[in-house]
Amino acid sequence: MKDKEELDWIPLDSEISLGEERGANEEREKFLYNHEFVERIEVLHAIYDLREIMYPECKEAEEPAIMDDVEAFRYGFKFPESAHRNLTKSTLTKILKIFVGFSSLADVPIVKDLIDLTDIDFVHNTLVHNTVKFLTQLFDLEGVREQVKAYLTNPYTYKSKGLAPALEYLLTREPRITEAEKGVLSELLGFLQE
């Protein structure tokens, strides 16, 4: 009789798994319904020219505006529904196009306000550095790394002749580069050399 009483308080396996499933479903619901991130990616994707957000919003700011959207991109790459995940990937592709073919920067109004356009190399290096900062925040996501590699190794992608030297310059001569950014720069250079 005593043995039976001891067994009565032990939950059945099905009771344990139901509790675990309920917890996982609650987390999934929270993940699925973050409208702010979903809407932000939709807004970014609708912007025709994303170059402006790759620079700080004002001269006093140190970080590019895109850094405010890192969590929206992280969320989008983990999103269980393919439509939003694909929209996030498409928005990243727009950023990669700017990164690879960073021409006509003199037309970007915010760039005109930030620097003297006689130093176009500075403009290029700033764009490249800001994109590397952004990618560094996302490179732990396998989907991001795969997409960047696929984009940079695609033979039909226009590979700017200035991108590899700009990456090498940042890696070897830019004092503000963090160790994490150096790791991403090395990977990006490796992708370009494939």
Side-chain angles (χ1 to χ4, degrees), residues 37 40-41 44-45 47 49-79 85 88-106 108 110-117 119-154 157-194:
F37 289 156
R40 184 59 188 157
I41 292 295
L44 287 173
H45 191 266
I47 297 172
D49 188 354
L50 291 173
R51 288 180 292 179
E52 282 192 36
I53 65 167
M54 299 311 295
Y55 293 93
E57 291 180 5
C58 63
K59 290 180 182 180
E60 294 79 30
E62 291 185 22
E63 296 289 325
I66 191 68
M67 296 304 278
D68 293 337
D69 299 310
V70 166
E71 289 306 314
F73 276 89
R74 292 184 73 78
Y75 178 84
F77 269 90
K78 294 177 182 177
F79 202 82
R85 198 170 49 250
T88 305
K89 288 179 179 182
S90 178
T91 307
L92 180 59
T93 296
K94 290 173 76 171
I95 291 170
L96 293 174
K97 283 181 185 178
I98 296 166
F99 181 56
V100 171
F102 51 88
S103 58
S104 304
L105 292 176
V108 180
I110 191 131
V111 174
K112 291 178 186 175
D113 294 339
L114 290 173
I115 63 161
D116 176 7
L117 285 178
D119 190 1
I120 200 69
D121 287 338
F122 178 81
V123 176
H124 288 172
N125 288 337
T126 301
L127 174 71
V128 172
H129 187 190
N130 289 342
T131 306
V132 169
K133 281 182 184 181
F134 175 68
L135 291 176
T136 300
Q137 297 300 312
L138 300 173
F139 239 53
D140 62 316
L141 299 175
E142 192 60 35
V144 172
R145 181 179 271 114
E146 288 172 6
Q147 182 176 348
V148 172
K149 181 178 181 179
Y151 193 84
L152 293 180
T153 58
N154 185 338
T157 299
Y158 173 72
K159 291 184 182 180
S160 173
K161 292 179 182 177
L163 184 58
L167 294 175
E168 288 170 0
Y169 173 84
L170 288 174
L171 186 60
T172 58
R173 296 193 184 112
E174 177 56 54
R176 298 175 296 157
I177 295 290
T178 66
E179 288 303 314
E181 290 170 354
K182 285 180 182 179
V184 171
L185 281 165
S186 296
E187 280 194 67
L188 296 174
L189 283 166
F191 296 161
L192 286 172
Q193 294 167 355
E194 285 186 10

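The shown structure was predicted, so the numbers you read here are calculated from the model rather than taken from an experiment.
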Do [X] and [Y] have side-chain heavy atoms sitting under 4.5 Å apart?
X: Leu185; Y: Glu174; answer: no
X: Phe139; Y: Val148; answer: yes
X: Arg74; Y: Asp140; answer: yes
X: Phe77; Y: Val144; answer: yes
X: Ile53; Y: Phe134; answer: no
X: Val100; Y: Leu152; answer: yes
X: Phe79; Y: Thr88; answer: no
X: Asn130; Y: Ile66; answer: no

Roughly how far, to the nearest 0.5 Å, is [atom2] of [Y] from [atom1] of [X]?
X: Arg85; Y: Ser90; atom1: CZ; atom2: OG; value: 14.0 Å
X: Phe73; Y: Ile95; atom1: CZ; atom2: CD1; value: 4.0 Å
X: Leu135; Y: Leu141; atom1: CG; atom2: CG; value: 11.0 Å
X: Thr131; Y: Leu96; atom1: OG1; atom2: CG; value: 8.5 Å
X: Leu170; Y: Ile177; atom1: CG; atom2: CD1; value: 4.5 Å
X: Ile41; Y: Lys89; atom1: CD1; atom2: NZ; value: 13.0 Å

Check [X] against [Y] and note the closest heavy-atom contact, atom names and distance.
X: Met54; Y: Pro64; value: O-CB, 3.4 Å
X: Leu50; Y: Leu44; value: CD2-O, 3.4 Å
X: Leu171; Y: Lys182; value: CD1-O, 3.7 Å
X: Ala166; Y: Val128; value: CB-CG2, 4.0 Å

For the pair [X] (side chain) and [Y] (backbone), establish whether a donor and an acceptor sit closer than 3.5 Å, ignoring hydrogens and angles.
X: Lys94; Y: Ile47; value: yes
X: Gln147; Y: Leu92; value: no
X: Lys133; Y: Glu181; value: no

| request: Go through the steps for Leu167 and Phe191 under the test side-chain contact (heavy atoms from CB on, under 4.5 Å), then give the verdict. | output: CA-CA 12 Å; Leu167 294 175; Phe191 296 161; over 6 Å; no
| Has Lys149 got more than 12 heavy atoms of other residues, nucleotides or ligands less than 6.0 Å from its NZ? |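 Incorrect, the count does not exceed 12.
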